[in-house]
Amino acid sequence: MTVMMHRAVVYRAYPTREQAALIERTCGCARFLYNRMLADKIAHYRETGEMLRVTPARYKREFPWLKEVDSFALCNAQLNLDAAYRNFFRRVKAGEKPGFPKYKAKHRSRCCYKTNFVNGNIRFEGDGRYLRLPKLGSVRVRQKREIDPSWRIKSVTVEHTRSGRFEVSVLFEFETQEPERVEPESFVGLDYSSHDLYVTSDGERPGYPRCFRRTEWKLAREQRKLSRMQKGSANWGKQKARVARIHEKTRNQRKDFHHKAANGLVERYDCVCVEDLDMSGMSRSLKLGKSTMDNGFGMFRALLSYKLEDRGKRLVTVGRLFPSSQLCHECGYRFSGTKDLSVREWTCPSCGRTHDRDVNAARNIRDEGMRLALSA
Ligand SMILES: [Zn+2]
(Lines give C-alpha, C1' and ligand atoms only; values in the text may rest on other atoms or scores of the structure.)
Protein backbone atom coordinates (compact mmCIF):
# COMPACT_ATOMS: atom_id res chain seq x y z
CA MET A 1 0.00 0.00 0.00
CA THR A 2 1.20 3.51 -0.73
CA VAL A 3 0.99 6.31 1.80
CA MET A 4 1.37 10.08 1.47
CA MET A 5 4.37 11.49 3.31
CA HIS A 6 5.57 14.99 4.12
CA ARG A 7 9.09 16.14 4.69
CA ALA A 8 10.52 19.62 5.28
CA VAL A 9 13.97 20.56 4.02
CA VAL A 10 15.61 23.78 5.21
CA TYR A 11 17.84 25.74 2.82
CA ARG A 12 19.97 28.74 3.59
CA ALA A 13 18.92 31.57 1.25
CA TYR A 14 20.92 34.49 -0.14
CA PRO A 15 18.39 37.10 -1.30
CA THR A 16 19.48 40.29 -3.05
CA ARG A 17 19.07 43.53 -1.16
CA GLU A 18 15.70 44.19 -2.84
CA GLN A 19 14.50 40.67 -2.14
CA ALA A 20 15.58 40.93 1.50
CA ALA A 21 13.65 44.17 1.88
CA LEU A 22 10.55 42.56 0.36
CA ILE A 23 10.85 39.58 2.72
CA GLU A 24 10.99 41.99 5.66
CA ARG A 25 7.98 43.86 4.34
CA THR A 26 6.00 40.66 3.79
CA CYS A 27 6.70 39.50 7.35
CA GLY A 28 5.67 42.96 8.58
CA CYS A 29 2.42 42.89 6.59
CA ALA A 30 1.55 39.40 7.80
CA ARG A 31 2.16 40.49 11.39
CA PHE A 32 0.18 43.71 10.88
CA LEU A 33 -2.76 41.81 9.45
CA TYR A 34 -2.67 39.24 12.25
CA ASN A 35 -2.72 41.93 14.92
CA ARG A 36 -5.35 43.98 13.15
CA MET A 37 -7.69 41.03 12.71
CA LEU A 38 -7.20 40.03 16.34
CA ALA A 39 -8.00 43.56 17.53
CA ASP A 40 -11.14 43.68 15.35
CA LYS A 41 -12.29 40.28 16.55
CA ILE A 42 -11.88 41.35 20.18
CA ALA A 43 -13.70 44.65 19.65
CA HIS A 44 -16.53 42.96 17.74
CA TYR A 45 -16.97 40.37 20.46
CA ARG A 46 -17.10 43.06 23.16
CA GLU A 47 -19.79 44.95 21.28
CA THR A 48 -21.99 42.14 20.03
CA GLY A 49 -20.99 39.01 21.92
CA GLU A 50 -20.43 37.28 18.60
CA MET A 51 -17.42 36.04 16.72
CA LEU A 52 -16.29 38.10 13.77
CA ARG A 53 -15.32 36.22 10.60
CA VAL A 54 -12.67 38.13 8.72
CA THR A 55 -10.66 37.65 5.53
CA PRO A 56 -7.62 39.50 4.21
CA ALA A 57 -9.65 40.88 1.26
CA ARG A 58 -11.43 43.40 3.47
CA TYR A 59 -8.14 44.74 4.79
CA LYS A 60 -6.62 45.00 1.33
CA ARG A 61 -9.31 47.52 0.45
CA GLU A 62 -8.61 49.53 3.57
CA PHE A 63 -4.80 49.23 3.36
CA PRO A 64 -3.90 49.00 -0.35
CA TRP A 65 -0.20 48.50 0.41
CA LEU A 66 -1.03 45.00 1.60
CA LYS A 67 -1.52 44.11 -2.08
CA GLU A 68 2.19 44.61 -2.73
CA VAL A 69 3.20 41.46 -0.88
CA ASP A 70 2.60 37.75 -1.42
CA SER A 71 -1.12 37.21 -0.80
CA PHE A 72 -0.55 33.68 0.51
CA ALA A 73 1.43 35.17 3.40
CA LEU A 74 -1.68 37.12 4.36
CA CYS A 75 -3.99 34.12 3.98
CA ASN A 76 -1.70 32.12 6.20
CA ALA A 77 -1.69 34.91 8.81
CA GLN A 78 -5.47 34.53 8.94
CA LEU A 79 -5.18 30.74 9.20
CA ASN A 80 -2.68 31.15 12.03
CA LEU A 81 -5.07 33.38 13.91
CA ASP A 82 -7.93 30.92 13.37
CA ALA A 83 -5.69 28.15 14.68
CA ALA A 84 -4.80 30.23 17.74
CA TYR A 85 -8.51 30.69 18.45
CA ARG A 86 -9.22 27.00 17.94
CA ASN A 87 -6.40 26.18 20.32
CA PHE A 88 -7.89 28.48 22.93
CA PHE A 89 -11.36 26.97 22.64
CA ARG A 90 -10.29 23.36 22.32
CA ARG A 91 -11.32 20.67 24.75
CA VAL A 92 -8.57 20.67 27.37
CA LYS A 93 -6.99 17.87 29.34
CA ALA A 94 -6.76 18.23 33.12
CA GLY A 95 -4.24 20.88 34.11
CA GLU A 96 -3.98 22.48 30.65
CA LYS A 97 -4.57 26.17 30.30
CA PRO A 98 -4.47 27.28 26.67
CA GLY A 99 -3.75 31.00 26.34
CA PHE A 100 -5.86 33.53 24.49
CA PRO A 101 -4.30 34.57 21.13
CA LYS A 102 -1.60 37.17 21.71
CA TYR A 103 -0.55 40.16 19.66
CA LYS A 104 2.70 39.67 17.78
CA ALA A 105 5.30 42.23 18.81
CA LYS A 106 7.93 43.12 16.25
CA HIS A 107 10.85 42.35 18.52
CA ARG A 108 9.46 39.26 20.15
CA SER A 109 7.94 37.26 17.34
CA ARG A 110 9.79 35.37 14.63
CA CYS A 111 10.19 37.22 11.37
CA CYS A 112 8.74 34.71 8.92
CA TYR A 113 5.89 34.03 6.54
CA LYS A 114 4.45 31.02 4.78
CA THR A 115 3.51 30.77 1.14
CA ASN A 116 1.75 27.99 -0.77
CA PHE A 117 2.33 26.12 -3.98
CA VAL A 118 -0.36 26.81 -6.59
CA ASN A 119 -0.01 26.23 -10.35
CA GLY A 120 3.76 26.03 -10.42
CA ASN A 121 4.35 29.38 -8.67
CA ILE A 122 7.18 27.85 -6.60
CA ARG A 123 9.95 25.85 -8.25
CA PHE A 124 13.66 25.19 -8.24
CA GLU A 125 15.63 26.69 -11.11
CA GLY A 126 19.19 26.64 -12.37
CA ASP A 127 19.97 23.08 -11.28
CA GLY A 128 18.52 23.76 -7.86
CA ARG A 129 20.66 26.80 -7.15
CA TYR A 130 17.63 29.10 -7.19
CA LEU A 131 14.17 28.87 -5.72
CA ARG A 132 11.42 30.84 -7.46
CA LEU A 133 8.94 32.31 -4.99
CA PRO A 134 5.80 34.47 -5.46
CA LYS A 135 6.60 38.21 -5.74
CA LEU A 136 10.27 37.61 -4.88
CA GLY A 137 11.37 35.91 -8.09
CA SER A 138 14.43 33.65 -8.10
CA VAL A 139 16.20 33.52 -4.77
CA ARG A 140 19.65 32.00 -4.50
CA VAL A 141 19.71 29.03 -2.14
CA ARG A 142 22.44 26.75 -0.91
CA GLN A 143 22.07 23.40 -2.59
CA LYS A 144 21.34 20.28 -0.64
CA ARG A 145 21.41 16.63 -1.48
CA GLU A 146 19.40 15.66 -4.54
CA ILE A 147 15.65 15.83 -4.02
CA ASP A 148 13.72 12.97 -5.61
CA PRO A 149 11.93 14.30 -8.74
CA SER A 150 8.66 12.75 -7.58
CA TRP A 151 8.57 14.98 -4.49
CA ARG A 152 6.13 17.86 -4.88
CA ILE A 153 6.44 21.23 -3.16
CA LYS A 154 3.48 21.97 -0.88
CA SER A 155 4.49 25.18 0.86
CA VAL A 156 7.51 27.27 1.80
CA THR A 157 8.25 29.20 4.98
CA VAL A 158 10.62 32.12 4.51
CA GLU A 159 12.41 33.32 7.62
CA HIS A 160 14.77 36.10 8.52
CA THR A 161 16.47 34.70 11.60
CA ARG A 162 17.56 36.77 14.58
CA SER A 163 21.18 36.49 13.60
CA GLY A 164 20.39 38.04 10.22
CA ARG A 165 20.41 34.90 8.05
CA PHE A 166 17.70 33.96 5.62
CA GLU A 167 16.27 30.47 5.55
CA VAL A 168 13.59 28.81 3.46
CA SER A 169 11.93 25.68 4.75
CA VAL A 170 10.41 23.76 1.85
CA LEU A 171 7.66 21.27 2.66
CA PHE A 172 7.54 18.37 0.21
CA GLU A 173 4.82 15.81 -0.31
CA PHE A 174 5.39 12.40 -1.84
CA GLU A 175 3.94 8.94 -2.12
CA THR A 176 5.84 6.01 -0.80
CA GLN A 177 5.34 2.34 -0.14
CA GLU A 178 4.14 1.77 3.37
CA PRO A 179 7.05 0.14 5.18
CA GLU A 180 6.56 -3.47 6.06
CA ARG A 181 5.87 -3.91 9.76
CA VAL A 182 8.76 -5.38 11.65
CA GLU A 183 7.87 -8.01 14.24
CA PRO A 184 9.75 -6.58 17.21
CA GLU A 185 12.53 -8.76 18.55
CA SER A 186 15.00 -6.30 20.03
CA PHE A 187 13.74 -3.83 22.63
CA VAL A 188 15.40 -0.91 24.36
CA GLY A 189 14.17 1.36 27.14
CA LEU A 190 15.23 4.99 27.49
CA ASP A 191 15.24 6.84 30.77
CA TYR A 192 15.20 10.57 30.39
CA SER A 193 18.33 12.25 31.74
CA SER A 194 18.83 16.00 31.95
CA HIS A 195 22.58 15.65 31.53
CA ASP A 196 22.90 12.99 28.81
CA LEU A 197 19.50 13.27 27.12
CA TYR A 198 18.84 9.61 27.95
CA VAL A 199 20.31 6.43 29.39
CA THR A 200 19.44 3.12 27.72
CA SER A 201 18.49 -0.15 29.39
CA ASP A 202 21.83 -1.48 28.10
CA GLY A 203 23.60 1.21 30.10
CA GLU A 204 24.58 3.42 27.15
CA ARG A 205 24.55 7.19 27.23
CA PRO A 206 24.60 9.04 23.91
CA GLY A 207 27.50 11.22 25.04
CA TYR A 208 26.62 14.82 24.35
CA PRO A 209 29.70 15.97 22.38
CA ARG A 210 32.11 18.16 24.26
CA CYS A 211 32.31 20.77 21.50
CA PHE A 212 28.59 21.40 21.98
CA ARG A 213 29.16 22.11 25.65
CA ARG A 214 31.85 24.56 24.63
CA THR A 215 29.41 26.45 22.39
CA GLU A 216 26.91 26.54 25.23
CA TRP A 217 29.54 27.89 27.56
CA LYS A 218 30.44 30.54 24.98
CA LEU A 219 26.79 31.46 24.63
CA ALA A 220 26.49 31.99 28.38
CA ARG A 221 29.58 34.22 28.35
CA GLU A 222 28.34 36.37 25.46
CA GLN A 223 24.92 36.67 27.10
CA ARG A 224 26.55 37.92 30.29
CA LYS A 225 28.41 40.53 28.27
CA LEU A 226 25.19 41.59 26.58
CA SER A 227 23.43 42.04 29.91
CA ARG A 228 26.09 44.52 31.04
CA MET A 229 25.79 46.73 27.95
CA GLN A 230 23.78 49.89 27.54
CA LYS A 231 20.47 48.76 26.04
CA GLY A 232 19.88 50.23 22.58
CA SER A 233 23.49 51.30 22.01
CA ALA A 234 25.42 50.36 18.86
CA ASN A 235 27.61 47.87 20.71
CA TRP A 236 24.57 46.34 22.33
CA GLY A 237 23.06 45.80 18.88
CA LYS A 238 26.21 44.10 17.62
CA GLN A 239 26.44 41.93 20.71
CA LYS A 240 22.79 40.95 20.36
CA ALA A 241 23.43 39.69 16.83
CA ARG A 242 26.47 37.76 18.09
CA VAL A 243 24.39 36.10 20.80
CA ALA A 244 21.73 35.22 18.23
CA ARG A 245 24.36 33.63 15.98
CA ILE A 246 25.69 31.44 18.79
CA HIS A 247 22.12 30.57 19.74
CA GLU A 248 21.50 29.31 16.23
CA LYS A 249 24.70 27.34 16.31
CA THR A 250 23.82 25.57 19.56
CA ARG A 251 20.36 24.85 18.21
CA ASN A 252 21.77 23.32 15.04
CA GLN A 253 24.35 21.31 16.92
CA ARG A 254 21.68 19.94 19.20
CA LYS A 255 19.48 19.02 16.25
CA ASP A 256 22.39 17.26 14.61
CA PHE A 257 23.13 15.37 17.81
CA HIS A 258 19.47 14.32 18.15
CA HIS A 259 19.41 13.00 14.58
CA LYS A 260 22.57 10.97 15.07
CA ALA A 261 21.47 9.55 18.41
CA ALA A 262 18.05 8.62 16.99
CA ASN A 263 19.57 7.01 13.87
CA GLY A 264 21.82 4.89 16.07
CA LEU A 265 18.87 3.58 18.08
CA VAL A 266 16.64 2.98 15.07
CA GLU A 267 19.34 0.94 13.39
CA ARG A 268 19.94 -1.34 16.35
CA TYR A 269 16.49 -1.86 17.86
CA ASP A 270 13.03 -2.80 16.58
CA CYS A 271 11.11 -1.19 19.41
CA VAL A 272 12.06 1.78 21.58
CA CYS A 273 10.23 2.31 24.86
CA VAL A 274 10.05 5.72 26.52
CA GLU A 275 8.23 7.34 29.38
CA ASP A 276 5.35 9.66 28.74
CA LEU A 277 6.74 12.77 30.38
CA ASP A 278 4.95 16.02 30.81
CA MET A 279 7.91 18.15 29.85
CA SER A 280 6.43 21.48 30.82
CA GLY A 281 5.27 20.19 34.18
CA MET A 282 8.62 18.59 34.78
CA SER A 283 10.76 21.66 34.23
CA ARG A 284 8.57 23.56 36.65
CA SER A 285 8.26 21.07 39.43
CA LEU A 286 11.76 19.64 39.50
CA LYS A 287 13.51 22.97 39.19
CA LEU A 288 15.60 21.53 36.35
CA GLY A 289 14.23 24.41 34.31
CA LYS A 290 16.59 25.36 31.61
CA SER A 291 18.59 22.20 31.20
CA THR A 292 15.43 20.13 30.74
CA MET A 293 14.15 22.47 28.08
CA ASP A 294 17.53 22.81 26.48
CA ASN A 295 18.27 19.29 25.56
CA GLY A 296 14.70 18.94 24.34
CA PHE A 297 13.74 15.35 25.02
CA GLY A 298 10.26 16.02 23.61
CA MET A 299 11.71 17.02 20.25
CA PHE A 300 13.98 14.03 20.30
CA ARG A 301 11.08 11.70 20.99
CA ALA A 302 9.11 13.08 18.03
CA LEU A 303 12.15 12.60 15.78
CA LEU A 304 12.66 9.07 17.02
CA SER A 305 9.01 8.26 16.45
CA TYR A 306 8.99 9.20 12.78
CA LYS A 307 12.33 7.55 12.08
CA LEU A 308 11.03 4.30 13.59
CA GLU A 309 7.76 4.50 11.67
CA ASP A 310 9.67 4.99 8.43
CA ARG A 311 11.10 1.52 8.93
CA GLY A 312 7.95 -0.18 10.15
CA LYS A 313 9.21 -0.09 13.73
CA ARG A 314 7.59 1.29 16.85
CA LEU A 315 7.95 3.78 19.66
CA VAL A 316 6.06 2.62 22.74
CA THR A 317 5.08 5.09 25.41
CA VAL A 318 4.85 3.89 28.98
CA GLY A 319 2.20 5.56 31.14
CA ARG A 320 3.06 8.57 33.24
CA LEU A 321 2.19 6.84 36.47
CA PHE A 322 4.43 3.84 35.94
CA PRO A 323 6.99 4.03 38.82
CA SER A 324 10.00 3.25 36.62
CA SER A 325 12.61 4.64 38.99
CA GLN A 326 11.21 3.07 42.14
CA LEU A 327 10.96 -0.58 41.13
CA CYS A 328 13.87 -2.93 41.60
CA HIS A 329 14.42 -4.44 38.19
CA GLU A 330 15.64 -7.73 39.67
CA CYS A 331 12.92 -8.57 42.15
CA GLY A 332 10.16 -6.02 41.56
CA TYR A 333 10.34 -4.56 45.06
CA ARG A 334 9.04 -0.98 45.19
CA PHE A 335 11.49 1.29 46.99
CA SER A 336 10.31 4.85 47.57
CA GLY A 337 13.75 6.00 48.67
CA THR A 338 14.53 6.82 45.03
CA LYS A 339 11.95 9.60 44.91
CA ASP A 340 14.79 11.86 45.96
CA LEU A 341 16.43 12.74 42.64
CA SER A 342 19.88 13.11 44.16
CA VAL A 343 19.98 9.36 44.83
CA ARG A 344 22.07 8.13 41.88
CA GLU A 345 22.74 4.64 43.15
CA TRP A 346 20.75 2.50 45.51
CA THR A 347 20.66 -0.96 47.02
CA CYS A 348 17.44 -2.91 46.95
CA PRO A 349 16.33 -3.61 50.57
CA SER A 350 14.68 -6.82 49.42
CA CYS A 351 17.22 -8.60 47.19
CA GLY A 352 20.35 -6.62 48.06
CA ARG A 353 21.37 -5.70 44.49
CA THR A 354 22.95 -2.33 43.81
CA HIS A 355 21.40 -0.33 40.99
CA ASP A 356 22.41 2.63 38.92
CA ARG A 357 19.30 4.78 39.18
CA ASP A 358 18.97 5.56 35.46
CA VAL A 359 19.85 2.15 34.05
CA ASN A 360 17.47 0.42 36.45
CA ALA A 361 14.68 2.82 35.44
CA ALA A 362 15.44 2.29 31.73
CA ARG A 363 15.20 -1.48 32.18
CA ASN A 364 11.82 -1.15 33.87
CA ILE A 365 10.64 1.08 31.02
CA ARG A 366 11.90 -1.47 28.48
CA ASP A 367 10.08 -4.36 30.17
CA GLU A 368 6.84 -2.44 30.62
CA GLY A 369 7.04 -1.24 26.99
CA MET A 370 7.71 -4.79 25.81
CA ARG A 371 4.69 -6.01 27.72
CA LEU A 372 2.52 -3.29 26.11
CA ALA A 373 3.90 -3.92 22.61
CA LEU A 374 3.43 -7.67 22.71
CA SER A 375 -0.04 -7.57 24.29
CA ALA A 376 -1.37 -5.04 21.77
ZN1 LIG B 1 15.39 -6.15 44.47
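Any value given below was found using the heavy atoms of this structure, including those in side chains, with hydrogens, waters and symmetry copies removed. All residue numbers refer to positions in the sequence shown, counting from 1. Just so you know, ligand 1 is whichever comes first in the structure, and atom 1 is the first atom listed for that ligand.
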Discussion item. Both conditions, 6.0 Å and 45 degrees, for the charged tip of K313 above the ring of Y269: are they met here?
Written reply: no
Worksheet item: Cation over ring, K154 on F117, under 6.0 Å and within 45°?
Response: no
Practice prompt. Round to 10° and report the angle made at the Zn ion (ligand 1) by SG of C351 and SG of C331.
Written response: 110°
Item to complete: Kindly report the SG-the Zn ion (ligand 1)-SG angle for C328 and C348 respectively, rounded to 10°.
Response: 110°
Worksheet item: Short check: any N/O/S atom of H329 below 2.8 Å from the Zn ion (ligand 1)?
Response: no
Discussion item. Assess, by modelled atom type and distance only, whether the side chains of E125 and S138 contain a donor and an acceptor separated by less than 3.5 Å.
Written reply: yes
Worksheet item: In terms of side-chain heavy atoms, does S163 have a donor or acceptor partner in E248 at a distance below 3.5 Å?
Response: yes
